[in-house]
Amino acid sequence: SFMSSTGTFTYSAPEQELLCIFGTGDFGRSLGQRLLQTGYRVVYGSRRPHSCGPLPQGAQVMSHEAAAQSAGVIFLCVHRENYDFLETLVTQLKGKVLVDVSNNLKKNVYPEANAEYLQRLIPGAHVVKAFNTLSAWSLQNGPSDASRQVYLCGNSAEAKQQVVETATKLGFNVLDRGTLSAARELEDFPLQLFPEWRLPLRLAFGLTAFFFFYLLIRDVVYTYVEQDKDISFRIMVSLANKVFPIVSLIMLSLCYLPGVVAAFLQLYRGTKYKRFPDWLDRWMLCRKQLGLLALGFASLHVLYTLIIPIRYYVRFRINQTSVFDTTMAWRVDSYYAMGILGFGLYLLLGISSLPSVSNALSWREFSFIQSKLGYLTLFFCTFHTYLYGWDKFLRPSYYKWYTPPGYMLCLVVPSVVMALKLVILLPCVDRSLTRIRRGWERTDPEGDSKKSLLT
């Protein structure tokens, strides 16, 4: 502010910081638009300043040399194979902050990370690897829960701080991963395809394939070989409607089995301060994905069950009369009731795992739904399967080629989980486990004696 000749004060707005962008592709345009909306001035450096296509309104366009000289921070939005032109700008880029946002199509394409190569190419610049985990879409629409994090690394603390301030103004959370030696790790992030889903998806595929061929042999092939009847039409609906609930129940059980294993491991060790084995850590980290896949298979089971009354095979058989059995009616109604209750709780677990819902819940509320109601869901679904089987396990005719029915195999894991959970709920066991989880540690007489001998 300053005083004019008339004696009044005049206020001038502070000059907005100027940032430079090399590259006028989708990412460069989206980044420029976002920076302009945040209050920055933006200048683009282009090989063809007068014919580089549409750019955000309010941005300037210059040659690479002029644009590099005008700004202190330069975003490099070009691919590595196009870095050659930077060698002619060594003088203009000296002392400038060069933000590398590039990625590669595959891992280990080059012997060194793009950012490390860029630093070697322009040794006078301060290269910072950042923004490479974002997409043009997320820049245009603002950060969301899935793309709020910005990773960066660089050798200059001052240069990184400038990039941190810019990313923060854009609405992103910044995580500093250290020096440029971490650049390769950052460049590999966007190449990962559902890393947390790999184990659950492989498990789901393996279980589905195993039980499909297992039931195909028991139901279709056995009937054709032993009874000379072709029931291959049942593959599309009846067989699939057996596989889906089996896989769903096993995967739901696998969501809660690692928690039970961890509890017994803590009881055995007498402390909560020792790390779990790596396999158990990985297993516990993918429980949400296991649960969502289990919900997906349960939903398919519900949909397939709904179409049963309209199938030709069922309508053909329903015309045949039989004597009404009250016991069978009770069993079937109870079987459906348990299935409906189990699926209703299944849906509640799935909805509460959504970020928009879980963020609105306290930790106690979330834990109650996922743990207490989760075990109740497992109980209903397991009981639903037991009612389906009823007394079939006593009939030799159900052991085709001396193999047990598929539902019996799928009951093994949930039955084990429920039995172990009942053991944990015993007052004496629950009391010890609660003390351990509150910080109590069991003393080791052998360890104490060794310590006394050493002292």
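Note that these values count all heavy atoms, side chains included, but never hydrogens, waters or copies made by symmetry. By convention here, the first residue in the shown sequence is residue 1.
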- prompt: Hey, does the side chain of K288 reach the backbone of S353 with a donor-acceptor pair shorter than 3.5 angstrom?
  reply: yes

field: Residue pair R120 / E112, side-chain heavy-atom distance below 4.5 Å
entry: yes

- request: Only pairs at least two apart or in different chains count here, so list each side-chain hydrogen bond (donor to acceptor under 3.5 Å, both in side chains) that has a residue in residues 197-211.
  value: none

message: Looking at Y399 and F393, would you say the former's side chain and the latter's main chain have a donor-acceptor pair under 3.5 Å?
response: yes

query: Has the side chain of R331 got a donor or acceptor atom that lies under 3.5 Å from a matching backbone atom of L387?
result: yes

query: Does D219 pair with R234 as a salt bridge, N-O distance under 4.0 Å?
result: no

- prompt: More than 12 non-hydrogen atoms from neighbouring residues, nucleotides or ligands closer than 6.0 Å to CG on N173, yes or no?
  reply: yes

task: Verify the neighbour count for atom CZ of F205: are there more than 12 heavy atoms of other residues, nucleotides or ligands below 6.0 Å?
output: no

field: Test item: S334 side-chain N/O and W330 main-chain N/O as donor-acceptor pair under 3.5 Å
entry: yes

query: Does CG belonging to L105 count more than 12 external heavy atoms closer than 6.0 Å?
result: no

query: Between CZ of R364 and CD1 of I369, what distance do you get to the nearest 0.5 Å?
result: 13.0 Å

task: Taking E116 for its side chain and A113 for its backbone only, find out whether a donor-acceptor pair lies under 3.5 Å.
output: yes

message: Quick one: does any side-chain atom of R29 pair with a main-chain N or O of L55 as donor and acceptor, under 3.5 Å?
response: no

- prompt: Hey, what do you get for OG (S352) to CG (L361), rounding to the nearest 0.5 Å?
  reply: 7.0 Å

field: Nearest heavy atoms of A294 and S248, plus distance in Å
entry: O-OG, 2.8 Å

- request: For residues F75 and F131, establish whether the separation of their ring centroids is below 6.0 Å.
  value: yes

- prompt: Is it true that atom CD of E81 has more than 12 heavy atoms of other residues, nucleotides or ligands lying nearer than 6.0 Å?
  reply: yes

message: Once you measure the plane-to-plane angle for Y256 and Y375, does it fall in the parallel (<30°), tilted (30-60°) or perpendicular (>60°) bin?
response: tilted

- request: Kindly say whether K400 contributes a backbone atom to a donor-acceptor pair with the side chain of T403 at under 3.5 angstrom?
  value: yes

query: Does the side chain of Y407 come within less than 4.5 Å of K392's, by heavy atoms?
result: yes

query: Is any side-chain heavy atom of L249 closer than 4.5 Å to a side-chain heavy atom of L378?
result: yes

message: Could you go through F189 and Y151, starting from their C-alpha distance and side-chain angles, then the distance that decides it, and tell me whether this counts as ring-ring contact (aromatic ring centres under 6.0 Å, His included)?
response: CA-CA 10 Å; F189 279 169; Y151 298 92; 5.1 Å; yes

Any side-chain heavy-atom pair of N241 and H301 under 4.5 Å: yes

statement: CG (L373) and CG (L349) are apart, to the nearest 0.5 Å, by 7.0 Å

task: Please round to the nearest 0.5 Å and tell me the distance separating atom CG of D333 and atom CE of M338.
output: 11.0 Å

field: Over 12 foreign heavy atoms within 6.0 Å of NZ, K107
entry: yes

- prompt: Is the side chain of R269 donor-acceptor paired with the backbone N or O of R442 at a distance under 3.5 Å, no angle test?
  reply: no

- prompt: Taking NZ, NE, NH1 and NH2 as the nitrogens, is one of them in R80 or D100 under 4.0 Å from a carboxylate oxygen of the other?
  reply: no

- request: Evaluate the ring planes of Y388 and Y335, with Trp represented by its six-membered ring, and classify them as parallel (under 30°), tilted (30 to 60°) or perpendicular (over 60°).
  value: tilted

task: Scan side-chain atoms only and decide if S299 and Y346 contain a donor-acceptor pair under the 3.5 Å cut-off.
output: no

query: Any side-chain donor-acceptor pair under 3.5 Å between Q149 and T133?
result: no

- request: Please tell me if the side chains of P245 and T385 come closer than 4.5 Å, counting only heavy atoms from C-beta onward.
  value: no

Worked check of side chain to side chain contact (heavy atoms under 4.5 Å, CB included) between T166 and V73: CA-CA 10 Å; T166 302; V73 178; 5.6 Å; no

query: G32 and Y44: which non-hydrogen atoms are nearest, and at how many Å?
result: CA-OH, 3.3 Å

message: What verdict does the side chain to side chain contact (heavy atoms under 4.5 Å, CB included) test give for M236 and Y304, after you've listed the backbone C-alpha separation in whole Å, the side-chain angles of each residue and the deciding distance to 0.1 Å?
response: CA-CA 10 Å; M236 300 304 296; Y304 270 68; over 6 Å; no

- line: Correct closest heavy-atom pair for L207 and M251 would be CD1-CG, 4.0 Å

- request: Provide the closest heavy-atom pair for L35 versus I21 in the form atom of the first, atom of the second, distance.
  value: CD1-CD1, 4.1 Å

message: Just verifying a value: how many Å separate L215 CG and F210 CZ, rounded to the nearest 0.5 Å?
response: 9.0 Å

message: Could you check whether any side-chain heavy atom of L422 comes within less than 4.5 Å of a side-chain heavy atom of M418, counting everything from C-beta outward?
response: no

task: List the steps and the verdict of side chain to side chain contact (heavy atoms under 4.5 Å, CB included) for V260 and I424.
output: CA-CA 8 Å; V260 173; I424 292 175; 3.9 Å; yes

query: Can you check whether V164 reaches L152 side chain to side chain, under 4.5 Å on heavy atoms?
result: yes

task: Determine, step by step, whether I235 and F212 satisfy the side chain to side chain contact (heavy atoms under 4.5 Å, CB included) criterion, reporting the C-alpha distance in whole Å, the side-chain angles of both residues, the deciding distance to 0.1 Å, and the verdict.
output: CA-CA 9 Å; I235 293 175; F212 176 80; 4.0 Å; yes

query: Is the backbone N or O of V128 less than 3.5 Å from a side-chain atom of Q119, with the two atoms forming a donor-acceptor pair by type?
result: no

statement: Of Y398, Y214, W401, the one forming a ring-ring contact (aromatic ring centres under 6.0 Å, His included) with Y222 is W401

- prompt: Taking all atoms of both residues into account, what is the closest heavy-atom pair of P404 and L409, and its distance?
  reply: CG-CD2, 3.8 Å

- request: Considering non-hydrogen atoms only, spot the tightest contact between E187 and S102 and give its length.
  value: CG-O, 4.1 Å

message: For a 4.5 angstrom cut-off between non-hydrogen side-chain atoms, does K274 reach L265?
response: no

- prompt: Heavy-atom count around E196 CD within 6.0 Å, excluding the residue itself: above 12?
  reply: no

query: Tell me the salt bridge (Lys or Arg N to Asp or Glu O under 4.0 Å) pairs involving residues 428-440, sequence neighbours left out?
result: none

- prompt: To the nearest 0.5 Å, what is the distance between CG (L290) and CG (L295)?
  reply: 12.5 Å

task: Check the angle between the aromatic planes of F383 and F379 and answer parallel, tilted or perpendicular using the 30° and 60° thresholds.
output: parallel

- prompt: Is a donor on one side and an acceptor on the other found under 3.5 Å between the side chain of R184 and the backbone of P111?
  reply: yes

task: Might you confirm whether atom CZ of F264 has over 12 heavy atoms from other residues, nucleotides or ligands at distances under 6.0 Å?
output: yes

